[in-house]
Structure formats: C-alpha cells, structure tokens
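Right, one structure below, let's go through it.
Reminder, nothing fancy here: chain letters follow the sequence lines and each chain counts from 1. Note that the structure is a prediction, hence the values are computed from the model and not measured.
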Protein chains: 2
Amino acid sequence: MQPFRILIVDDHAHAREAIREILEEHEDFVILGEGRNGQEAINLTEELMPDIILMDIQMPVMDGLEATKRIKLIFPYVKIVMITVSDDITDLFDALKKGAQGYLLKNIQSDAWVDHLRAFASDEVPMSKEIAFQILKEFPQSKAVTKENTPLSSRELEVLQLVAKGLSNREISETLFISEHTVKSHLKNILSKLHLDNRVQLTNYAFQQGLIN
Amino acid sequence: MQPFRILIVDDHAHAREAIREILEEHEDFVILGEGRNGQEAINLTEELMPDIILMDIQMPVMDGLEATKRIKLIFPYVKIVMITVSDDITDLFDALKKGAQGYLLKNIQSDAWVDHLRAFASDEVPMSKEIAFQILKEFPQSKAVTKENTPLSSRELEVLQLVAKGLSNREISETLFISEHTVKSHLKNILSKLHLDNRVQLTNYAFQQGLIN
DNA sequence: TTAAAAATCACTCTTTAGAGGTATTATGGA
DNA sequence: TCCATAATACCTCTAAAGAGTGATTTTTAA
C-alpha cells in the first residue's frame, strides 16, 4: 500500500507545521515538501508530482484558487484540497469551481479531519455539494447557508443564452430591446449567482447544462 | 404544393425589382414584401414570417450578416440566402458562419440562379462548402480560392483550448510562458482563420468540435 | 540550402467587459 | 395591502479584448 504523497502550501509557517505534525502521526501520508504561495505550488507540483496538494486559499503572490485552476489545467489528475480558516460557504463553492477535490477547515485537530482528507485522497468521485455541507455542518462555527441556491430568473436565462451564443452586450440589448446597462446588470447577477468570472466560463456552463448546443 | 414565400431585402430598388421580375416568372415563388436594410429585415420577418429571405450583404443601418445572425437566433427555421455582387470567398464563408442557407451572386439572370434558389428553399441539409465552391465556379469572374483551409497550428490549438476554458490572455501567457502580446497574436490569427468574432464564439466552436468538454 | 510557415514580441488605439454602487418601477404573492 | 423580487437604468472606473501594423527568430519543408 503506497502512502499518499502530500504537498503543503500555506504562507504561514506555523500552519504548515501544524499540518505536518498531524499527518506525521499517520503513516499512510508522506510529506514531499512545502510551499508558501500559489506560484511555488505550481513549481513544486511540476518538480515533485504529489498525489495531493493541501492548499491555503489566502496567500500572497498568487492565491490558492488561481493556483488550483492552473495546476488542474496542466495536471488534471493531481488532487487538491483547499484548507482555510474561512467557514464562508462562498469560498467553498469557489474552490470547487476551480477544480478542488475537497475543502477542509484549518482550525481542526480532530480525527475526522484526517479521515476526510483520506477520503478525498482515495475517493474517485468529486466532492459533492452535499458532502461539503456536511463537513461544514460538523463544525458549529459554520455560518448559515447563504442564498447560493437562488435560481436564475427567466430573463437572466434569456441573457445567459445570448451571451453564450457569442453576442456582445450591445447586441443583446438590441435583441431584447433593453439598454446595455441592463444587460450588464443581468450579466453581473448571473456571474455572481453561478460563481463564474467571465462570459467564456458562462459559455462552458451553458454547454455543460445543455442550455445551448 | 404551397409556393415559397419570399422576402427580399436590398437597399437598391433596382436590385429588388430585378429579383422580383425573375421570381414572378416562376409560380412556385410568391413575394411577400421588400426591405431596404437589416433592421427592416428583422421587423418584416416578425410580421410576415417568410419561408425564405433573400438578403443583400452590403446595406446601410444594419448589414445583411448582422441581420442574418439575429434573425436566425430568433427564428432558426427561416431560411436566409445571401445575395451579393461580391465573388469574394470570404464573404461566402462569413455568410455561412452567420447561419445563411445559401449564397447567390446578384449579377446573374440564368435559370441556374432560380434552380439554386429552389434547391436552397426545399433542401433540408445546409449548403456545404463544396456546393458553395461549385456555385462560385460556375461564374468565370470568381476569384481564386483564398487560403481559407489553412489548419490551425498545434500552438494555435493549444491557445484555443485555453481560451475556451475561460482563461484570460494574461493567464494563458503565464501558463505557456510566453508574452501576452504573443497570446493576442495567436488569438487574432485563430479568429481570422475560423472567421469568428470573439472568444465566446471560439468557445462554441471548441465545444462543437469536441476540442474541449 | 533556401523559401515558407510558425512562433515570438512590440506598439498604438478603440471598444468592450466587468466591478462596484445606487435607484426606480413593476409585479406577483402572502 | 405590503413586501420581496425582478427588471430596468444610470454612474464611475479599471481591466481586458480586439484591430491594425510591423518585425525578428526559429522551424520546417521543398
């Protein structure tokens, strides 16, 4: 049984040390190295080829979300678990959107923490939102679920489809007989609801959801 | 046998008249109305619901390509045949990209012209590039085929996939270790080769070609 | 080995996109 | 009837995208 080969990325040395101490108690984990920011994470990943990266979200130079996106693009098979002190559900969703396999809170020293990590490491299926909620629910300081599940309105769906077809905001405004300001307003709300960054990502979403073809 | 219901859109009255005269000799065509620009084409389409629109490319207010794109978006089943004096192959490709079913040269009064129109009107399959070439080849003034078939280079394909995944030019440049200028250069060439306008349309292309998923 | 193609980078300029905020008007439910 | 949501619109500001041109280097193929 091969141990899981771990890379730890966090800008705080004490945080890295805390994780190291926890994992060293378990012989199915071996720590390959440590990085201090997203850029180092990319370089170390190329160099060490870890099985799992434990990645902080908030970091200088390049944050963990950006690094996750880039690493997953180059090395899709590397598993990345976000670690953070934040119990904000939006951070969790953002992490999943970027391709993270898991999400763990930092300020935990329970056995459950290692169990979850082991589950992420060995499991083939990606972490569902249900499991994510469950993890957050285990810890009392988790905030209530924010209004993430707000569905798109029919007008927003209409705008989404036109955006995903390649029309500019001006063209959409002329198609729907509304002002370009309004189109921008709708698009802003759409991107916010879906936790996406730009219209190309929205186009990906539209294709994957079968909203266009 | 129902006749084909035609809408003619051209900014030159004499051009519309010429087409009307040709079509009135054939009783399987009936002309519903005439428009003078792309905007009128949209309005008249909503009002008259023609089977086929004969659409000029060069027009004031809104040109035929833009109008074609918008009409096909709202009324995908309406057939649009571009009519133009241009024998430039790039115009033809642009027309097909916007969703036109056919492409006919204006300065023709042969029976073949009407035959082609009838073929477009009754045929379910979209006009292939081969047929387009054949039509242009029937007329001696057609220019030689431009370098349209140039395939994408491997580097261009690489950039295409990153663009279609939602990365910004800056992010792509950092991923590929090249300058943002170079990324822009590649993207410009890609869009030009594929006759696309922006990165969202490129994303559509990537999905439809199975280049990403 | 030489010509063509591909890849690279640069500069300017204009348009578009996107973040952030605010506000008004319908409108449909509770 | 009142409240929440949706749809509309405007504002400022910054970043990004895209058009146009040109140029150098490397690679590939004839």
Are there any protein N/O atoms within less than 3.5 Å of an N/O atom in nucleotides 16-20 of chain D, and if so, which ones and at what distance?
unit_1: D:dA17; atom_1: OP1; unit_2: B:R199; atom_2: NH1; d: 3.3
unit_1: D:dA17; atom_1: OP2; unit_2: B:N169; atom_2: N; d: 3.1
unit_1: D:dA17; atom_1: OP2; unit_2: B:N169; atom_2: ND2; d: 3.4
unit_1: D:dA17; atom_1: N7; unit_2: B:K184; atom_2: NZ; d: 3.4
unit_1: D:dG18; atom_1: OP1; unit_2: B:R199; atom_2: N; d: 3.3
unit_1: D:dG18; atom_1: OP2; unit_2: B:R199; atom_2: NE; d: 3.0
unit_1: D:dG18; atom_1: N7; unit_2: B:K184; atom_2: NZ; d: 3.0
unit_1: D:dG18; atom_1: O6; unit_2: B:K184; atom_2: NZ; d: 2.9
unit_1: D:dG20; atom_1: N7; unit_2: B:K188; atom_2: NZ; d: 3.1

Hey, what are the protein-to-nucleotides 23-30 of chain C N/O distances that come in under 3.5 Å?
none

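- Under the rule for a salt bridge (Lys or Arg N to Asp or Glu O under 4.0 Å), the partners of A:E174 that lie at least two apart in sequence or sit in another chain are A:R170, B:R70.
- Within the structure, every pair that satisfies the salt bridge (Lys or Arg N to Asp or Glu O under 4.0 Å) test and touches residues 195-210 of chain A, not counting sequence neighbours, is listed here: A:K98-A:D197.
- For DNA chain C, the residues of residues 154-165 of chain B within the heavy-atom distance limit of 4.0 Å (strictly under) are B:S154, B:R155, sorted by number.
- With sequence neighbours left out, B:E158 forms a salt bridge (Lys or Arg N to Asp or Glu O under 4.0 Å) with B:R155.
- The only member of A:L162, A:V159, A:V183, A:T182 that meets side-chain contact (heavy atoms from CB on, under 4.5 Å) when paired with A:N169 is A:V183.
- Distances shorter than 4.0 Å separate some side-chain N or O of B:H186 from OP1 or OP2 on C:dT8.
- Among pairs with a residue in residues 32-42 of chain B, those fulfilling side-chain hydrogen bond (donor to acceptor under 3.5 Å, both in side chains) read B:R16-B:E34, B:R20-B:E34, B:R36-B:E40, at least two apart in sequence or across chains.
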Under 3.5 Å donor-acceptor pairs involving side-chain atoms of residues 44-54 of chain A, not counting sequence neighbours:
unit_1: A:T45; atom_1: OG1; unit_2: A:A41; atom_2: O; d: 2.6
unit_1: A:D51; atom_1: OD2; unit_2: A:R5; atom_2: N; d: 2.9

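- For the helix from C:dT1-D:dA30 to C:dA30-D:dT1, the rotation axes defined at the first and last 5 base pairs enclose an angle of 60°, given to the nearest 10°.
- In this structure, A:I178 places its CD1 atom 8 Å from C1' of D:dA7, rounding to the nearest Å.
- Residues that satisfy the salt bridge (Lys or Arg N to Asp or Glu O under 4.0 Å) test with A:E171, not counting sequence neighbours, are B:K69.
- Judged as a salt bridge (Lys or Arg N to Asp or Glu O under 4.0 Å), and not counting sequence neighbours, B:D11 has no contacts.
- Between atom CG of residue B:L167 and atom NZ of residue B:K165 there is a gap of 10.0 Å, rounded to the nearest 0.5 Å.
- Taking atom CG of B:L176 as the reference point, atom P of C:dC9 lies 10 Å away to the nearest angstrom.
- Among residues two or more places apart in sequence or in another chain, the ring-ring contact (aromatic ring centres under 6.0 Å, His included) test is passed with B:H181 by none.
- The side chain of A:T182 places no N or O atom within less than 4.0 Å of a non-bridging phosphate oxygen (OP1 or OP2) of D:dT8.
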